[in-house]
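None of the values given here were measured: they were computed from a predicted structure.
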Protein chains: 2
Amino acid sequence: MTTSTRKQRELQAREELILDAAQSMLHQHGYNYLTMERIAETVEYSKGTIYNHFASKEDLVCSLCCRCITNLIDVFERAYQYRGSTRERFSAIGIAYSLYLQLNPMDSQNILTVKNNAIREKISKEKLIEMESLEREITTIAKSIVQQAIDIGDLDNKHQHHLSTIVFGFWSMHYGALLLDQSGIPLEQLGFSPVVQMLWTNANIFLDGYQWQPLSTVTDTARLFEKISSALFD
Amino acid sequence: MTTSTRKQRELQAREELILDAAQSMLHQHGYNYLTMERIAETVEYSKGTIYNHFASKEDLVCSLCCRCITNLIDVFERAYQYRGSTRERFSAIGIAYSLYLQLNPMDSQNILTVKNNAIREKISKEKLIEMESLEREITTIAKSIVQQAIDIGDLDNKHQHHLSTIVFGFWSMHYGALLLDQSGIPLEQLGFSPVVQMLWTNANIFLDGYQWQPLSTVTDTARLFEKISSALFD
DNA sequence: ACCTGAACACCGTTCAAGT
DNA sequence: ACCTGAACACCGTTCAAGT
């Protein structure tokens with residue numbers, strides 16, 4: 001049990017303070033403006049104290065990323081609890097992902113940053129483990145819905161071996177789409193529609209390809225999207 | 001017409017020399033070891049001369065990225081020329097992408113780096129335009145195959161409006177998968193199969209979802225993969 | 001006209017000194 | 001035991017001087 005002393009709670013509070021300051025600095029002025037010096041000034045502690053909390057700038061940024069994944073897990077859990085068919089609940093996870101990153105573009109920037117090897121190399125082993133454990137939680141939620149779909153019969157059990165392939169396909173489609181969107185490629189200029197909309201179409205096509213019942217051909221997908229998104233974010 | 005003088009050719013050659021040096025440095029020691037100083041030493045010119053060729057370190061890295069996209073266009077064109085159905089040719093593009101980045105992991109690292117806003121902000125307008133024009137070429141190749149599929153009837157023409165949505169879905173799925181693979185997430189540890197394999201499965205499911213004929217259910221997909229990949233890379 | 005490298009600015013990180 | 005900030009190392013970028 002974590003019987004936190006007053007001291008520990010104060011430290012914890014200061015850590016949040018630092019992270020909040022860093023996040024708001026990122027939001028307002030971008031990554032290149034974010035310096036350890038400036039963070040220290042903002043929270044009115046010395047640089048040494050910041051380093052007392054975070055082993056490096058990269059660890060600090062990775063901590064921001066962990067907070068963001070934690071938020072995602074929250075939304076994913078709401079999606080998991082959505083009252084509907086397995087397909088609707090799995091779709092809800094996609095919508096949760098898609099809308100969360102759309103509403104918090106800075107968070108997706110951050111995810112992108114941490115994925116970069118140049119940054120990643122400098123992250124401490126412990127922080128990486130912390131982040132990977134959060135990532136595992138995320139995929140576990142998605143996997144369990146696929147398993148339930150097979151158990152119920154919404155998804156043919158010949159896919160039992162491909163369980164993680166389905167999750168991976170769905171994940172990578174959303175991940176890729178949102179990164180493409182975030183990374184400044186002028187998609188509209190290349191003749192593409194809004195990303196959230198294309199994602200919703202393609203997610204349905206993908207699940208249709210797996211014959212996940214009920215198919216989108218017998219569903220009012222536009223209305224379903226509205227229902228799910230208001231259930232998740234209102 | 002570019003009637004290049006001797007001087008211009010020498011400059012061009014030196015630029016390639018610099019890029020080669022930078023690329024090999026990236027391969028061998030990673031992004032954090034790559035310095036303008038070290039590049040200058042390696043090619044035996046001064047830092048000032050390097051800056052004569054590239055406005056900034058980020059521009060240099062972006063130029064590496066452009067070379068990589070140019071290579072990709074090459075492979076994509078071979079995929080376009082593949083003798084087979086429209087579906088096979090479109091699949092060939094996915095395989096080209098997938099295998100190229102698998103064979104050149106450093107290139108996918110580089111793409112990832114350039115997508116990052118912190119880096120992107122520092123790239124000069126001209127370089128960005130150069131890169132975007134290459135990216136447009138890539139999507140154009142993919143789009144034209146989809147158009148041909150609709151014209152021939154391999155793909156129902158109700159998808160005429162979704163033409164770019166199909167390309168985008170296919171692109172984002174591959175892009176996301178390969179970035180997830182490249183970015184150090186321990187996929188196997190999370191219970192996933194090799195990425196190229198999952199991608200091939202999911203790409204087929206995706207195209208089946210769009211009812212792109214002939215469906216994978218009437219195809220020996222494992223053999224097709226072999227055929228296409230040896231046509232592209234041997 | 002082009003090349004050079006010393007000098008500058010900036011920033012992440014450390015650690016001796018202070019409380 | 002914890003905090004501080006001067007000092008250090010490193011690197012991208014510039015530009016006056018040289019050829």
Side-chain angles (χ1 to χ4, degrees), chain A residues 4-19 21-22 25-26 29-64 113-114 116-127, chain B residues 4-19 21-22 25-26 29-64 113-114 116-127:
Chain A
S4 58
T5 63
R6 181 177 57 80
K7 190 75 208 170
Q8 284 172 318
R9 271 179 278 118
E10 280 174 7
L11 280 178
Q12 182 60 35
R14 192 166 63 193
E15 192 149 314
E16 293 299 324
L17 185 71
I18 298 171
L19 289 173
M25 210 173 275
L26 264 180
H29 302 101
Y31 191 84
N32 291 313
Y33 184 84
L34 187 76
T35 15
M36 298 304 260
E37 178 92 51
R38 271 194 267 261
I39 295 173
E41 273 170 31
T42 306
V43 299
E44 295 183 285
Y45 284 98
S46 72
K47 281 185 283 183
T49 300
I50 311 289
Y51 277 92
N52 229 322
H53 286 273
F54 304 97
S56 66
K57 182 183 177 181
E58 285 74 17
D59 262 37
L60 194 155
V61 171
C62 186
S63 301
L64 285 180
T113 302
V114 173
N116 194 70
N117 252 348
I119 306 288
R120 205 180 180 84
E121 276 172 9
K122 297 189 184 170
I123 301 176
S124 69
K125 192 150 193 162
E126 300 83 54
K127 261 294 166 232
Chain B
S4 60
T5 64
R6 179 178 59 80
K7 192 70 207 170
Q8 284 174 318
R9 269 179 280 119
E10 280 175 8
L11 280 177
Q12 182 58 37
R14 193 166 63 191
E15 192 150 314
E16 292 301 323
L17 185 70
I18 297 171
L19 288 172
M25 210 173 275
L26 264 181
H29 302 101
Y31 191 84
N32 291 314
Y33 184 85
L34 186 76
T35 18
M36 298 306 260
E37 177 92 52
R38 271 193 269 261
I39 296 172
E41 273 170 32
T42 306
V43 297
E44 295 183 283
Y45 284 98
S46 72
K47 281 184 283 181
T49 300
I50 311 289
Y51 276 92
N52 229 323
H53 285 273
F54 303 98
S56 67
K57 183 183 177 183
E58 285 75 17
D59 262 36
L60 195 155
V61 171
C62 186
S63 301
L64 285 179
T113 303
V114 173
N116 194 69
N117 252 347
I119 307 288
R120 204 178 182 86
E121 277 173 9
K122 296 190 185 168
I123 301 176
S124 68
K125 191 148 193 165
E126 300 84 53
K127 263 292 166 236

Task: Distance, nearest 0.5 Å, that separates CG of B:L60 from NE2 of B:H53 - done: 10.5 Å

Open item on the list: Taking donor-acceptor contacts at under 3.5 Å, does the side chain of B:K47 reach the base of D:dT14?
Closed with: no

- [ ] Would you kindly compare A:N32 and A:G48 by the position of their nearest DNA chain C nucleotide and give the one closer to the 5′ end?
- [x] A:N32

TODO: For A:Y45 and D:dC2, give me the distance from atom OH to atom C1', rounded to whole Å.
DONE: 11 Å

Task: Euclidean distance, atom CD of residue A:E37 to atom P of D:dC10 [Å, nearest integer] - done: 20 Å

TODO: Have a look at B:T49 and say if it touches a base, only the backbone sugar-phosphate, or nothing, with a 4.0 Å heavy-atom cut-off.
DONE: base

Task: Base partner of C:dA17, which must satisfy Watson-Crick or wobble distances under 3.5 Å - done: none

Task: Quiz item: cation-pi between B:K122 and A:Y31, 6.0 Å / 45° - done: no

Task: Rounded distance [0.5 Å steps], CG in B:N52 versus CG in B:L11 - done: 8.0 Å

Task: Separation of C:dC3 C1' from B:K7 NZ (nearest whole Å) - done: 10 Å

TODO: From the options C:dG12, D:dT13, C:dC3, select the nucleotide whose nearest atom is closest to the side chain of B:Y51.
DONE: D:dT13

Open item on the list: Quick check against the 3.5 Å criterion: does A:K127 have a side-chain atom that pairs as donor or acceptor with the backbone of A:E58?
Closed with: no

- [ ] State the pairing partner of D:dC10; accept Watson-Crick or G-U wobble contacts with both distances under 3.5 Å, and report none otherwise.
- [x] none

TODO: Grab the CD1-C1' distance between B:I119 and D:dG12 for me, whole Å please.
DONE: 12 Å

Open item on the list: Using a 4.0 Å heavy-atom cut-off, does A:L34 contact any base of the nucleic acid, only the sugar-phosphate backbone, or nothing at all?
Closed with: sugar-phosphate

TODO: Take the protein atom CD of A:E58 and the nucleotide atom P of C:dT13, then report the distance between them rounded to whole Å.
DONE: 6 Å

